[in-house]
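Below: the structure, in structure tokens.
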Amino acid sequence: MANAAELIEQNLLQLARRGIELRHGLYERFFAAFPERRSAFLCPEATSIRMTDETLQMLHGIAAGESWVWPLIAELIATHRSYGHLPLREYDVFVDLVVDELAKALGTEMSREHETVWREQAERLKTMIGKAQAEWDQILPRGTAAASA
């Protein structure tokens with residue numbers, strides 16, 4: 001029986017073999033849910049590639065128990081603070097949409113076992129994002145000069 005990281009790798013390889021880019025449907029759905037965020041994407045082509053890939057990498061990294069995931073999440077949350085307050089709901093929706101689009105793209109190639117693993121890692125990622133956001137808010141409360149710099 002494959003472990004969580006191996007199951008995720010199987011789906012990522014299937015996605016790569018088929019040449020599917022999740023970002024198009026992902027961002028269409030994200031911007032439909034949060035149209036006010038579209039203006040924050042100065043170069044949507046590059047940003048959508050990077051953010052989609054980073055999310056998939058973090059989900060795989062969490063499943064594999066990689067130590068680099070937490071520092072990356074903390075750094076990304078700090079970077080996102082420059083765009084103003086991003087509610088946790090937006091992060092949660094984005095992460096869920098990544099898994100939704102992956103399941104849609106792979107169709108029957110994504111078994112229940114695969115989807116369960118992806119959803120479990122997504123919940124773990126959302127928890128880590130919430131923790132990072134809370135820690136940054138404690139260090140640099142919103143509205144302080146340092147937080148808006």
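Basis for what follows: all heavy atoms, side chains included, without hydrogens, waters or symmetry-related copies.
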Query - Distance in Å, L106 CG paired with Q10 CD, rounded so as to fall on 0.5 Å steps - result: 11.0 Å
Query raised in the report: Are more than 12 heavy atoms from other residues, nucleotides or ligands located less than 6.0 Å from atom CH2 of W136?
Result: no
Requested in this report: Give a yes or no on whether a salt bridge exists between R112 and E115, defined as a side-chain N under 4.0 angstrom from a carboxylate O.
Outcome: no
Query raised in the report: If you group Ile, Leu, Val, Met, Phe, Trp and Tyr by side-chain heavy-atom gaps below 4.5 Å, do W68 and M51 land in one group?
Result: yes
Query raised in the report: Are the charged groups of E135 and K131 less than 4.0 angstrom apart, N to O?
Result: yes
Query raised in the report: Would you say I139 and M128 are hydrophobically clustered, going by side-chain heavy atoms of ILVMFWY under 4.5 Å?
Result: yes
Report task. Decide yes or no for T52 and E101: does some side-chain heavy atom of the first lie under 4.5 Å from some side-chain heavy atom of the second? Result -> no
Query raised in the report: Can you tell me if H80 uses its side chain to pair, donor with acceptor, with the backbone of L76 under 3.5 Å?
Result: yes
Report task. Using modelled atom types only, decide if a donor and an acceptor are shared between the side chain of E54 and the backbone of L72 within a distance under 3.5 Å. Result -> no
Query - L26 side chain near T55 side chain, heavy-atom distance below 4.5 Å - result: no
Query raised in the report: Can you name the nearest heavy-atom pair linking S39 to L42, along with the distance?
Result: O-CD2, 4.0 Å
**Report entry** Under 3.5 Å donor-acceptor, Q121 side chain and V117 backbone
**Finding:** yes
Report task. Grab the two heavy atoms, one from L88 and one from G130, that are nearest each other, plus how far apart they are. Result -> CD2-CA, 3.5 Å
Requested in this report: State plainly whether the residues D137 and R81 are in salt-bridge range, i.e. N to O under 4.0 Å.
Outcome: yes
Query - Sub-4.5 Å side-chain heavy-atom contact between R23 and R50 - result: no
Requested in this report: Would you indicate whether E36, at its atom CD, is surrounded by more than 12 heavy atoms from other residues, nucleotides or ligands within a distance under 6.0 Å?
Outcome: yes
Query raised in the report: Looking at side-chain heavy atoms only, is the closest gap between L13 and R17 below 4.5 Å?
Result: yes
Report summary line: Which of L59, V95, I62 passes side-chain contact (heavy atoms from CB on, under 4.5 Å) with R124? Answer is I62
Query - Common cluster, I49/F30, ILVMFWY with side-chain heavy-atom separation under 4.5 Å - result: no
Query raised in the report: Above 12 or not: heavy atoms from other molecules or residues under 6.0 Å from CZ of F31?
Result: yes
**Report entry** Minimal non-hydrogen separation, P71 against S67, with atom names
**Finding:** CD-O, 3.2 Å
Query raised in the report: Would the number of heavy atoms belonging to other residues, nucleotides or ligands and lying under 6.0 Å from NZ of K126 be above 12?
Result: yes
Query raised in the report: Side chains of E109 and R18: does their closest heavy-atom pair fall under 4.5 Å?
Result: yes
Query raised in the report: Are the aromatic ring centres of F34 and Y27 under 6.0 angstrom apart?
Result: no
Query raised in the report: Is there side-chain contact between V93 and R89, with heavy atoms separated by less than 4.5 Å?
Result: yes
Query raised in the report: Between CG of L97 and CG of L22, what distance do you get to the nearest 0.5 Å?
Result: 11.0 Å
Report task. Hey, could you give me the CD/CD distance between Q138 and Q133, rounded to the nearest 0.5 Å? Result -> 13.0 Å
**Report entry** Considering all heavy atoms, the nearest S111-H114 contact
**Finding:** OG-ND1, 2.5 Å
Report summary line: Note: R37 and P87 closest approach over all heavy atoms is NH2-CD, 3.9 Å
Query - From CD1 (I20) to NZ (K104), nearest 0.5 Å - result: 11.0 Å
**Report entry** Closest non-hydrogen atom pair, N11 against Q14
**Finding:** ND2-OE1, 2.7 Å
